[in-house]
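Written out below as structure tokens is the structure these notes cover.
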Amino acid sequence: MSQKTWDAVDRYIDDVLVGHDDALRAAVEASAAGGLPAIQVSAAQGKLLHLMARAIGARRILEVGTLGGYSAIWLARALPAGGRLVTLELDPHHADVARANLARAGLTGAVDLRVGPAIETLPRLAAEKAGPFDLSFIDADKPGNADYFRWALTMSRAGSVIIVDNTVREGGVVDGTSEDPGVRGVRRLNDLIASEPRVSATTIQTVGAKGYDGFTLAVVVG
Ligand code: SAH
Ligand code: DHB
Ligand code: MG
């Protein structure tokens with residue numbers, strides 16, 4: 001089993017189940033043309049986020065880590081009329097590309113894009129009472145995971161869902177001695193979740209066009 005097989009299966013899933021559309025394709029192309037790293041979720045993962053949001057009837061969604069707005073398009077498309085996605089991005093150039101991509105997708109009115117370090121924007125959102133968010137998707141710098149999770153939890157209600165991307169790191173997550181800041185960030189997140197009675201969580205390992213990684217899904221239980 002190899003990356004080649006995982007790519008082929010993801011292409012097959014895209015063709016048969018996910019589907020293709022111009023706004024998403026254009027977002028990927030404009031992101032590449034703008035020099036952004038190609039680290040957006042895969043199409044199959046984007047659709048999973050979209051379906052999750054629809055399944056829980058999410059009206060308010062929080063995203064930490066916008067990049068070029070690819071996952072934001074998937075998430076915002078799941079919103080009912082009047083719903084809102086708040087998405088946080090550190091890099092002003094990434095935010096510019098995302099703004100254009102969201103506009104092309106016709107989603108400008110549904111998305112509130114905030115530029116700056118998430119650790120500064122999150123307390124501001126809490127002070128504004130922007131929540132409670134029905135769904136939060138945490139996908140920014142990995143050392144920040146635990147802090148972002150804590151803020152997402154603060155702005156949640158019982159039944160809210162919090163998803164964190166990239167929590168397996170090619171299996172690196174099992175190495176307690178790792179000095180990789182990403183691995184350390186995930187392990188700190190897991191320790192927080194384990195000690196936090198208000199959430200119940202699991203992690204699913206994934207292979208696909210983005211290699212071997214995984215995501216963590218937590219539900220706020222009280
Ligand atoms: N969710 C996107 C991918 C996000 S990549 C998608 O799937 O389409 C991670 C993004 O987080 C990058 O754009 C990076 O600039 C941003 N980021 C990194 N550190 C951050 C911080 N401290 N605050 C907010 N965003 C940050
Ligand atoms: C990286 C970040 C991501 O959010 C991702 O999905 C894949 C890779 C990275 O920083 O390398
Ligand atoms: Mg990611």
Side-chain angles (χ1 to χ4, degrees), residues 3 6 10 18 23-32 34-50 52-53 61-78 85-102 104-105 107 111-125 135-152 162-173 180-186 189 203-217:
Q3 184 63 52
W6 305 340
D10 250 345
V18 176
L24 286 165
R25 195 183 347 244
V28 171
E29 283 169 10
S31 298
L36 274 53
I39 55 174
Q40 66 276 355
V41 295
S42 69
Q45 290 167 340
K47 186 154 181 189
L48 177 67
L49 293 171
H50 171 90
M52 186 69 66
I61 303 176
L62 171 67
E63 177 177 69
V64 186
T66 316
L67 191 65
Y70 182 81
S71 53
I73 292 173
W74 277 111
L75 286 166
R77 282 180 173 173
L85 167 70
V86 182
T87 183
L88 316 186
E89 175 55 50
L90 173 66
D91 186 310
H93 174 57
H94 294 185
D96 285 344
V97 172
R99 232 175 261 115
N101 286 336
L102 287 160
R104 199 184 295 106
L107 293 166
V111 179
D112 178 356
L113 170 56
R114 308 264 182 121
V115 182
I119 201 59
E120 292 176 14
T121 313
L122 287 162
R124 214 167 289 141
L125 289 172
L135 173 66
S136 296
F137 177 50
I138 298 174
D139 189 22
D141 60 299
K142 309 315 173 188
N145 270 344
D147 291 328
Y148 305 153
F149 189 93
R150 210 175 273 113
W151 279 109
I162 305 174
I163 298 174
V164 186
D165 197 23
N166 313 117
T167 53
V168 174
R169 321 290 306 181
E170 296 182 311
V173 67
D180 178 315
V183 168
R184 292 170 70 104
V186 173
L189 168 71
T203 294
I204 293 298
Q205 305 183 63
T206 56
V207 295
K210 292 201 64 190
Y212 169 38
D213 208 327
F215 64 91
T216 296
L217 185 144

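Values in this document were obtained by computation on a predicted structure and should not be read as measured data. Counting convention: from 1, in listed order, for ligands and their atoms alike.
The heavy-atom pair separating Arg104 from Asn101 by the smallest distance is NH1-OD1, 2.8 Å. The minimum heavy-atom distance linking Leu189 with Thr167 is given by the pair CD2-CG2, 4.2 Å. The shortest non-hydrogen separation linking Val97 to Ala30 is CG1-O, 4.1 Å. Contact between His94 and Pro37 at its shortest, heavy atoms only, is NE2-CD, 4.1 Å. Here the closest non-hydrogen pair linking Lys210 and Gln45 is CD-OE1, 3.7 Å. Minimum interatomic distance between Val115 and Ala95 (heavy atoms only, all atoms of both residues): CG2-CB, 3.5 Å.
Atom CZ of Arg184 is surrounded by 12 or fewer heavy atoms from other residues, nucleotides or ligands within 6.0 Å.
Here the heavy atom of the protein found nearest to atom 12 (C) of ligand 1 is Glu89 OE1, 3.5 Å. In this structure, the protein non-hydrogen atom closest to atom 3 (C) of ligand 1 is Asp139 OD2, 3.3 Å. Scanning the protein heavy atoms around atom 8 (O) of ligand 1, the nearest turns out to be Ser71 N, 3.1 Å. Counting protein heavy atoms only, atom 21 (C) of ligand 1 is closest to Asp141 OD1, 3.4 Å. For atom 7 (O) of ligand 1, the closest heavy atom belonging to the protein is Val41 N, 2.9 Å. For atom 23 (N) of ligand 1, the closest heavy atom belonging to the protein is Ala118 N, 2.9 Å.
An N or O contact shorter than 3.5 Å is missing between Phe137 and ligand 1 by distance. Annotation: Val64 places no N or O atom under 3.5 Å from an N or O atom of ligand 1; distance criterion only. At a 3.5 angstrom cut-off on N or O pairs, Leu90 counts as close to ligand 1.
Distances from ligand 1 to the non-hydrogen atoms of Trp74 include no value under 4.0 Å. Within the 4.0 Å heavy-atom cutoff, Pro117 counts among the residues contacting ligand 1. Ligand 1 lies less than 4.0 angstrom from a heavy atom belonging to Glu63. Distances from ligand 1 to the non-hydrogen atoms of Gly68 include no value under 4.0 Å.
Atom CZ of Arg124 sits about 8.0 Å away from atom CZ of Arg114, to the nearest 0.5 Å. Rounding to the nearest 0.5 Å places OG1 of Thr206 at 9.5 Å from CG of Asp10. With values rounded to the nearest 0.5 angstrom, Leu85 atom CG is found 8.0 Å from Leu102 atom CG. In this structure, Arg77 CZ and Leu49 CG are separated by 13.5 Å, a value rounded to the nearest 0.5 Å.
Every residue meeting the side-chain contact (heavy atoms from CB on, under 4.5 Å) condition with Ala118, not counting sequence neighbours, appears here in chain and number order: Val64, Leu88, Leu122, Tyr148.
A heavy-atom cutoff of 4.0 Å around ligand 2 is satisfied by the protein residues Ile39, Asp139, Lys142, Asp165, Asn166, Lys210.
Shown in contact with Tyr148 at under 4.0 Å from a heavy atom are these atoms of ligand 1, numbered in order with element: 21 (C), 22 (N). Residue-ligand proximity, Gly116 to ligand 1, at heavy-atom distances under 4.0 Å covers atoms 23 (N), 24 (C). Counting the atoms of ligand 1 from 1 in the order shown, those under 4.0 Å from a heavy atom of Tyr70 are 8 (O). Those atoms of ligand 1 that come under 4.0 Å of a heavy atom in Ile39, given as number and element, are 5 (S). Near Gln40, meaning under 4.0 Å from one of its heavy atoms, ligand 1 places the atoms 6 (C), 7 (O), 8 (O).
Contacts of Thr66 with ligand 1, taken as heavy-atom pairs under 4.0 Å, involve the backbone alone. Residue contacts with ligand 1, taken as heavy atom pairs separated by less than 4.0 Å, involve His94 solely via side-chain atoms from C-beta onward.
Contact check for Leu48 versus Phe215: side-chain heavy atoms found under the 4.5 Å cut-off. Proximity of Phe137 to Thr87: side-chain heavy atoms (C-beta onward) are nowhere separated by under 4.5 Å. With contacts defined as side-chain heavy-atom distances shorter than 4.5 Å, the pair Ile204/Leu217 does not qualify.
With respect to the Mg ion (ligand 3), Asp165 has OD2 as its nearest N, O or S atom. When you scan the N, O or S atoms of Asp139 for the one nearest the Mg ion (ligand 3), you land on OD1.
Checked by atom type and distance alone, the side chain of Glu89 pairs as donor or acceptor with a backbone atom of Leu67 at under 3.5 Å.
Side-chain contact of Glu63 with Ser71: a donor-acceptor pair under 3.5 Å is present, judged by distance alone.
Taking backbone and side chain together, Asn166 holds an N, O or S atom under 2.8 Å from the Mg ion (ligand 3).
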